[in-house]
Every structure is written in structure tokens, then in C-alpha cells.
There are 2 protein chains.
Amino acid sequence: MQITSKFTTAVHILTCIDIFGDERRVTSDFLSGSTGVNAVIIRNVLSQLRTAGIVNTRQGSGGAHLAKALDEITLYDVYKAVDCVDDEGLFHFHENPNADCPVGRNIHRVMDGRLTAAQKAFENELKKTTLAQVVADTRKIISEE
Amino acid sequence: MQITSKFTTAVHILTCIDIFGDERRVTSDFLSGSTGVNAVIIRNVLSQLRTAGIVNTRQGSGGAHLAKALDEITLYDVYKAVDCVDDEGLFHFHENPNADCPVGRNIHRVMDGRLTAAQKAFENELKKTTLAQVVADTRKIISEE
DNA sequence: AAAGTTGTAATTTAATTTATTTCAACTTTC
DNA sequence: GAAAGTTGAAATAAATTAAATTACAACTTT
């Protein structure tokens, strides 16, 4: 199992908006070309980023723009925006444990706190990186090529 | 997306082996009844736990047994045993970034270290809990019921 | 008005996860 | 040593999810 590629796609998109935004319109079609991801999927991701207040887009006009500074956007914000993990959490519980079995009716509760802690540790790590850092690293590599 | 329920199923299985192992044979059929998971899936999970050196099973004889002490098995060991996350890692990269685009050909590399760190943080948290703790909590809840 | 773009719904395709079917090999017990 | 019960494993099916595709109305700019 893997976290949906919409997450890495979203980071790619935001990086492109910052790096190419000055010289050209960053349309879903352009982003589709850079990512190799279908333009409709790009528009869906942009739509989620817009709902999260991370980008601005407008019907007709073409070109996505950042709605906040890169150093105010963490990888966690993007992860949340594109809804990588739903309310059920990162772990999938087997759904029909037997309530007549003392283990079956309690195991979920016993594990829950510990699994949530693991998920939190993971998410907290994502909060440590801002898009500003990602873009800075990308610009550095490009300039050295 | 969610981590396969084989993981929580495996923890359930190990808990049952410890709690019921003294009074009865813990067969795949019994475990299927307690978990609500198909008996063949149970046998597959047991097979993975056996490969990891966590349980012993034998053809014909019936009944799984722990191959090591509960306090020597962490949630991480179980997670690894049932192969929740493959070599590709927890995050799924979009697979066809455009090598002609300076962002496209570098973004993977830029993100990789940070995403690996998040995965590591998550896995390290799983290493903090042993099955001994899970079973102790389970026994406590059962005794208070 | 024309060209290009976004937003969104509906559908299809592909991949993955879980369940099911089947049966040979093995153990224990009577 | 035959019967009953079990594991191991392969093959297949069903269900779920992710990603791509098709289609088109609404909007902006020129």
C-alpha cells in the first residue's frame, strides 16, 4: 500500500508554480506535461489545494498562483489538502472482529492509541518541511546542472 | 489509502495465541472465527509470521505457537513481517515526470530524503510498542469486564 | 466572436486487496 | 492404518480504490 501519488504530484505542482510562475502561465496542461499526470487529475489536485487555501485558480483565465508564501506551507498542509489519509486513519482494521471473543471485542481499542501515535509521529515529521525548503533545494540542483 | 488490515489481523492473531494457547489449539479456523477474517488469509498471515521467525506452525498438527517471547516482538516486527510497505516506500511517486523539465527531472530526488524521514519516524514509533504491552492491556481490559 | 482555459461529473481502465475454492501433504487419534 | 482434522499453497473471483479518460458547460482574454 502506498500514499496516493496526488501528494507528490501536489508538491511538484507547487514547485512549478513558484519556479515557472514568473515567466509563463502555469496551466493544468503545462503541469500535466511536467508531471506526466493527466490534466484532469491536475485540476482535481489544484481544486483541493484551492479549497485548502494554498493556491488560487480562476475559471477561464488560466494559470495557478500561490495563495500564501512558500514558507507558510508545510508538506503536512499539502498532505492534508489532498486527503491522503481519511478519518479512518492510516491503519486499516479488519472489520468484523467477533464480539463474542474477549480478544475480538477489545483488540481494536487496545491498539488504537498506539497506532494513532505512530500516525502522529509521521505527520509531525511532515510538518518540519516547508515548501520553501523544497523549492530552494530544487533551484539549487537546477543551477548546478 | 490505508495500511493493509493484515497488520492488525496479525496483532490480533498473536494476542489470541498468547491468551488462548494454554487452553486450546489455536487453529486458523479458530482465528478466523475471532478475527472475522477468512481462514486462508489467516494462514497466509501466519505463514508470513513464520517466515519472520515470530510463530511456529506445522502442517497437520494444528495450532500456532509463539516462536519468541512477547516482549521481543515489536509492532514494527509485525509490520515488517506482513510486508505492509514494500521497497518503494510509503509514498507513491507519480511515475512519469518529464525529464525535459528541470522540475520534473529533479523533484523526486529533492523530496526523497524528507519523505523517507517521515516514514522512519513512523516506523520508529512502532518499534516502541511490544506485543507484551498489547497483550497486557488486553488481559487487563478482559479482567475488568 | 474565437480561442483557450477551468470546474466538474460520469465513465472506463488498471491495480490492489480480500475472499473463496480446491486439494495435496501432514499429524493425531481411534 | 484408516478417519478426521489441519496446514500450505496455488488459482480464481469479487470488491475496492486509484488514475485516466471523455465530455461539456462556464468563464476570461484577445
Side-chain angles (χ1 to χ4, degrees), chain A residues 1-10 12-13 17 21 24-33 35-52 55-65 67 79 82-97, chain B residues 1-10 12-13 17 21 24-33 35-52 55-65 67 82-88 90-97:
Chain A
M1 85 81 217
Q2 291 191 301
I3 286 177
T4 172
S5 60
K6 285 202 295 176
F7 172 66
T8 52
T9 301
H12 187 144
I13 285 172
I17 293 174
R24 55 166 11 271
R25 272 197 306 173
V26 182
T27 65
S28 61
D29 210 50
F30 172 74
L31 290 167
S32 177
T35 57
V37 172
N38 188 280
V40 175
I41 304 294
I42 296 290
R43 292 205 283 275
N44 288 341
V45 171
L46 279 171
S47 167
Q48 291 183 296
L49 292 173
R50 177 160 38 81
T51 300
V55 303
N56 289 316
T57 56
R58 269 168 67 217
Q59 222 172 12
S61 73
H65 301 273
Y79 157 91
V82 300
D83 214 22
C84 291
V85 172
D86 65 23
D87 296 339
E88 299 284 300
L90 186 54
F91 292 92
H92 186 189
F93 270 93
H94 47 300
E95 282 159 7
N96 306 304
Chain B
M1 86 82 219
Q2 290 191 301
I3 286 176
T4 171
S5 59
K6 286 201 296 178
F7 172 66
T8 53
T9 301
H12 187 146
I13 285 173
I17 292 174
R24 52 162 19 268
R25 272 197 307 173
V26 182
T27 65
S28 60
D29 211 50
F30 171 76
L31 289 167
S32 176
T35 57
V37 171
N38 187 281
V40 175
I41 304 294
I42 297 290
R43 292 205 282 275
N44 289 341
V45 172
L46 280 171
S47 167
Q48 292 183 295
L49 292 173
R50 177 161 37 82
T51 300
V55 303
N56 289 318
T57 57
R58 269 168 68 217
Q59 223 173 10
S61 72
H65 301 273
V82 300
D83 214 25
C84 291
V85 171
D86 64 21
D87 297 339
E88 300 283 301
L90 186 55
F91 293 93
H92 186 190
F93 270 93
H94 48 299
E95 282 159 8
N96 307 303

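These numbers come from a predicted model, not from an experiment.
When rounded to the nearest whole Å, the span between CZ of A:F7 and P of D:dA18 equals 16 Å.
In this structure, the side-chain hydrogen bond (donor to acceptor under 3.5 Å, both in side chains) partners of B:E95, at least two apart in sequence or on a different chain, are B:H92. For A:T9, the side-chain hydrogen bond (donor to acceptor under 3.5 Å, both in side chains) test picks out no residue, with sequence neighbours left out. B:H94 meets the side-chain hydrogen bond (donor to acceptor under 3.5 Å, both in side chains) test with A:T8, A:H12; sequence neighbours excluded. Looking at residues two or more places apart in sequence or on another chain, you find no side-chain hydrogen bond (donor to acceptor under 3.5 Å, both in side chains) involving B:T35. Under the rule for a side chain to side chain contact (heavy atoms under 4.5 Å, CB included), the partners of A:R25 that lie at least two apart in sequence or sit in another chain are A:T27. Checked against side chain to side chain contact (heavy atoms under 4.5 Å, CB included), B:R50 has the following partners two or more places apart in sequence or in another chain: B:S47, B:V55, B:T57. Applying the side chain to side chain contact (heavy atoms under 4.5 Å, CB included) rule to B:N38 yields the partners B:V40, B:I41; only residues at least two apart in sequence or on another chain are considered. With sequence neighbours excluded, the residues forming a ring-ring contact (aromatic ring centres under 6.0 Å, His included) with B:F30 are B:F20, listed by chain and number. Contacts of B:F7 classified as ring-ring contact (aromatic ring centres under 6.0 Å, His included), with partners at least two apart in sequence or in another chain: A:F91.
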Identify all pairs in which a protein N or O lies below 3.5 Å from an N or O of nucleotides 26-30 of chain C, and state each distance.
| unit_1 | atom_1 | unit_2 | atom_2 | d |
| --- | --- | --- | --- | --- |
| C:dT27 | O4' | B:S61 | N | 3.4 |

Look for any protein N or O under 3.5 Å of an N or O in nucleotides 19-24 of chain D and output each such pair with its distance, or none.
| unit_1 | atom_1 | unit_2 | atom_2 | d |
| --- | --- | --- | --- | --- |
| D:dA19 | OP1 | A:S5 | N | 3.2 |
| D:dA19 | OP1 | A:S5 | OG | 2.6 |
| D:dA19 | OP2 | A:T4 | OG1 | 2.6 |
| D:dT21 | OP2 | A:N38 | ND2 | 3.1 |

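Comparing the end axes of the helix from C:dA1-D:dT30 to C:dC30-D:dG1, each fitted to five base pairs by superposing C1' atoms of four pairs onto the next four, gives an inter-axis angle of 10° (nearest 10 degrees).
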